[in-house]
Amino acid sequence: MATKPRSSASGRKAKVRAADQLELPMGRPIAGSKPEASKPPAPKLPAPGAAPKAAPPPPEPVAPAMEAAEAAPEGAPRKGKGGRLDATALGRLQREISVSEFFTKNRHLLGFDNPRKALLTAVKEAVDNSLDACEDAGLLPEIWVEIAQLAEDRFRMAVQDNGPGIVRNQIGNVFGKLLYGSKFHRRRMARGQQGIGISAAGLYAQLTTGKPMRIVTKPAPKKPAHEVVMQIDMRKNAPQIVSDKETEVPWTTGTRVEMELEAKYQRGARSVDEYVAETSIANPHATIHYVAPDGEKREYERTTKELPPSPQEIKPHPRGVELGLLLKMLQSTKSRNVAGFLKAEFSRVSPRVAAELCKLAGVAPETKPRRVTPEESEKLFRAMNSDQVKIMAPAGASVVPIGESLVERSLRARVPAEFYTAVTRSPAVYRGNPFIIEVGLAFGGQLPMDQPIQLYRYANRVPLLYQQSACAITEAVSDVDWKGYGLQQTRGQIPVGPGVLFVHMASVWVPFTSESKEAVAGYPEIEKEIRLGLQEVGRRLQGFVNKRAHIAYEAHRRSLFDRYIPEVASAVASLTKVSKKELAEQLAKIAKKTTAKADEAPVANGRVSAAVRELATKGAPPAEDAKGTKAKGLFGEQA
């Protein structure tokens, strides 16, 4: 059966439908142009004596979709049939997204997801910057944190330090541009990493109150300070200076930042009060003056006058370097051959190690780095992460731990306990980044017995107060079998007991789970080091509990002897001619000598605390001394 040809009318309709999907021809109005007036303009009269002009030809019919496109408002995308956008219209919608715009809509990623947390995050970012600045300048930090309540949900936050100050031409970039800083590209330990924090706090304050930030900084003792009031241009991710003037301040050097923000203040866990207190533990060299919104003042004096050593910048370690980074380094290096590249671009790579890596990868040491093929690059990558070549652990100079003695001293100053200990692990590496784990423990004393141990988590001396369940530190604590050390524990949970557990990770790059820096990612190398540190403090706790249990047992034995010695002396004196008084004195001397351990008084007010006594009764039998022999009584071995 022959196919019936289409009519000319149907062909015109098909052309109109196709025109709906095509761009308008040159010279015709396009989408986004101003709509024409509904009434046509009045005809122009010909000049006197002039020949009349011929009437213009009638306009060609325009498809309804084209008329709608011509009448669309300026800047609107043109729609095709059924209101759909064509490729051209979609292309006009594409534009670059500013970093500030992104975080404006996703401020929860930076820790500003609720008013209470927003106040804590703003204070934390400002304090972190102050501590880093003071340490980089070689100054013992002294920081003032002031929070004033202006309305029910509005607060003014101010943080001031005695640091080196900020030069005038950098004030706008430091406080008014996200992803701008001096720490991102340096492989050394620092609190800040991405150059987001303090700018994000100012951006949140601007969004919630409309008020700009106020920065006062003095970089030199003999020069006036600069007072800058500024906002952030969210579209350009750039500072907008509202005012800039010189002013006089009573400080020698330092910086003060103020901002008004919508927030909520509440005492207790995960509050600004807790953050300041925990910050003083991990930074024993700093003095912090804190004024709460209700006017209460707290002083956290430094417990040492020694600054921590300045961390040194290092090169990446071969272990854990990713393939993509290795490819980039091969193309950008200035070394003339692969052997020289390995020695120059990585730490802990000697000429011998470089030769072994090239041999294992099957790459000639004299090959130019830029001529290394992708297949050879992958072989070199696998050789660098292989155990067949022994490479020294990364140098610890880039990571500065707090130190066992200072951790223990800080816990003694802040936590009312009975037993204190601290462990600093040797440097380890994950993904080519060196890190050090520190664990401290305060136990007994006045701490609650029937609650889970308080866990203080830190990363580069900064307290981590949120997302505890998502943190690798919490996971490692829960994985340790604390029952073997005398504590109660439900499977997979934090142990219960009168203690404070301090865990600190120091690294050139802490792997946080998000930009808000609230939890450490669970790399196996990190969890392993945390677990080993926890087990070490657990063994020390077990030794302490056993010792205190033995003291408690000997004290109990002495009390029994003291109770029955008079009766024994009286009975013996009645049967013999021995003086009752002299016999009682001799028996008392023997009892005191036999139970001499009872004179080793524990720390808590000269007696064993209830917490330690309870744990001691659950541990090893106290009738055995440290050598494992049964304790002897006055008249031989006791059962």
Side-chain angles (χ1 to χ4, degrees), residues 98-133 143-148 150-151 153-161 163 165-184 191-217 225-245 254-265 272 275 462 515-517:
S98 165
V99 177
S100 300
E101 289 179 302
F102 174 80
F103 285 117
T104 298
K105 292 188 175 182
N106 300 277
R107 62 192 186 191
H108 61 280
L109 298 177
L110 299 177
F112 297 93
D113 42 346
N114 63 69
R116 183 171 183 240
K117 190 176 177 182
L119 181 61
L120 168 65
T121 303
V123 172
K124 180 177 76 72
E125 297 296 349
V127 171
D128 289 353
N129 285 0
S130 295
L131 289 171
D132 275 340
I143 298 174
W144 292 261
V145 180
E146 303 169 7
I147 303 175
L150 307 179
D153 61 346
R154 182 168 293 194
F155 293 80
R156 180 174 61 245
M157 182 273 292
V159 175
Q160 180 180 332
D161 61 60
I166 304 171
V167 294
R168 170 61 194 88
N169 60 354
Q170 287 293 334
I171 296 176
N173 291 329
V174 170
F175 293 94
K177 181 179 289 189
L178 277 74
L179 292 179
Y180 184 92
S182 61
K183 305 166 187 174
F184 184 85
R191 293 173 181 81
Q193 291 183 343
Q194 299 141 337
I196 296 178
I198 192 62
S199 303
L203 181 61
Y204 173 82
Q206 178 179 325
L207 289 171
T208 55
T209 66
K211 297 295 183 67
M213 285 186 290
R214 176 176 175 267
I215 300 101
V216 181
T217 182
H226 289 282
E227 179 181 339
V228 177
V229 179
M230 56 171 291
Q231 291 183 327
I232 298 177
D233 187 334
M234 290 178 284
R235 183 174 291 274
K236 297 180 180 179
N237 186 33
Q240 284 184 333
I241 305 300
V242 178
S243 67
D244 182 0
K245 62 181 181 180
T255 301
R256 180 182 179 90
V257 55
E258 297 180 5
M259 59 184 73
E260 288 186 23
L261 66 162
E262 181 182 301
K264 179 181 179 181
Y265 172 75
V272 178
Y275 163 77
V462 179
E515 292 83 354
S516 56
K517 298 182 292 186

> Backbone N or O of Ile232 within a donor-acceptor pair of the Gln206 side chain at under 3.5 Å?
Replying inline: yes
> Roughly how far, to the nearest 0.5 Å, is CG of Leu120 from CD of Glu125?
Replying inline: 9.5 Å
> Once you round to the nearest 0.5 Å, how far does CD of Glu258 lie from CZ of Arg156?
Replying inline: 6.5 Å
> At what distance, to the nearest 0.5 angstrom, does OG1 of Thr121 lie from CZ of Arg116?
Replying inline: 11.5 Å
> Of all heavy-atom pairs between Ile166 and Thr217, which one has the smallest distance, and what is that distance?
Replying inline: N-OG1, 2.8 Å
>> Restricting to non-hydrogen atoms, name the atom on Ser130 and the atom on Val159 that form the minimum distance, rounded to 0.1 Å.
In response: OG-CG1, 3.9 Å
>> Nearest 0.5 angstrom please: Leu207 CG to Met234 CE, how far?
In response: 5.0 Å
>> Can you give me the closest heavy-atom contact between Phe175 and Met213, atom names plus distance?
In response: O-CE, 3.1 Å
> Any side-chain heavy-atom pair from Val228 and Arg168 closer than 4.5 angstrom?
Replying inline: yes
> Ala118 and Leu261: which non-hydrogen atoms are nearest, and at how many Å?
Replying inline: O-CD1, 4.2 Å
>> For Glu262, is there any backbone N or O sitting under 3.5 Å from a side-chain donor or acceptor partner on Tyr204?
In response: yes
>> Could you go through Ile171 and His226, starting from their C-alpha distance and side-chain angles, then the distance that decides it, and tell me whether this counts as side-chain contact (heavy atoms from CB on, under 4.5 Å)?
In response: CA-CA 9 Å; Ile171 296 176; His226 289 282; 4.3 Å; yes
>> Under the criterion side-chain contact (heavy atoms from CB on, under 4.5 Å), I'd like the reasoning laid out for Tyr275 against Val127: C-alpha separation, chi angles, the key distance, then a yes or no.
In response: CA-CA 10 Å; Tyr275 163 77; Val127 171; 3.4 Å; yes
>> Using a 6.0 Å cut-off, check whether atom CZ of Arg235 has over 12 heavy atoms from anything other than its own residue.
In response: no
> At their closest point, which heavy atom of Asn173 faces which heavy atom of Asn169, and how far apart are they?
Replying inline: ND2-O, 4.0 Å
> CD of Gln231 to CD of Gln240: how many Å apart, nearest 0.5 Å?
Replying inline: 6.0 Å
> Does a side-chain heavy-atom distance below 4.5 Å link Pro115 with Asp153?
Replying inline: no
>> Once rounded to the nearest 0.5 Å, what's the spacing between atom CE of Met259 and atom CD1 of Ile215?
In response: 7.5 Å
>> Counting only heavy atoms from other residues, nucleotides and ligands, does the tally under 6.0 Å from CZ of Arg256 exceed 12?
In response: yes
> Are any non-hydrogen side-chain atoms of Arg191 and Leu131 less than 4.5 angstrom apart?
Replying inline: yes
> Given side chains that start at C-beta, do those of Met157 and Val272 come closer than 4.5 Å, heavy atoms only?
Replying inline: no
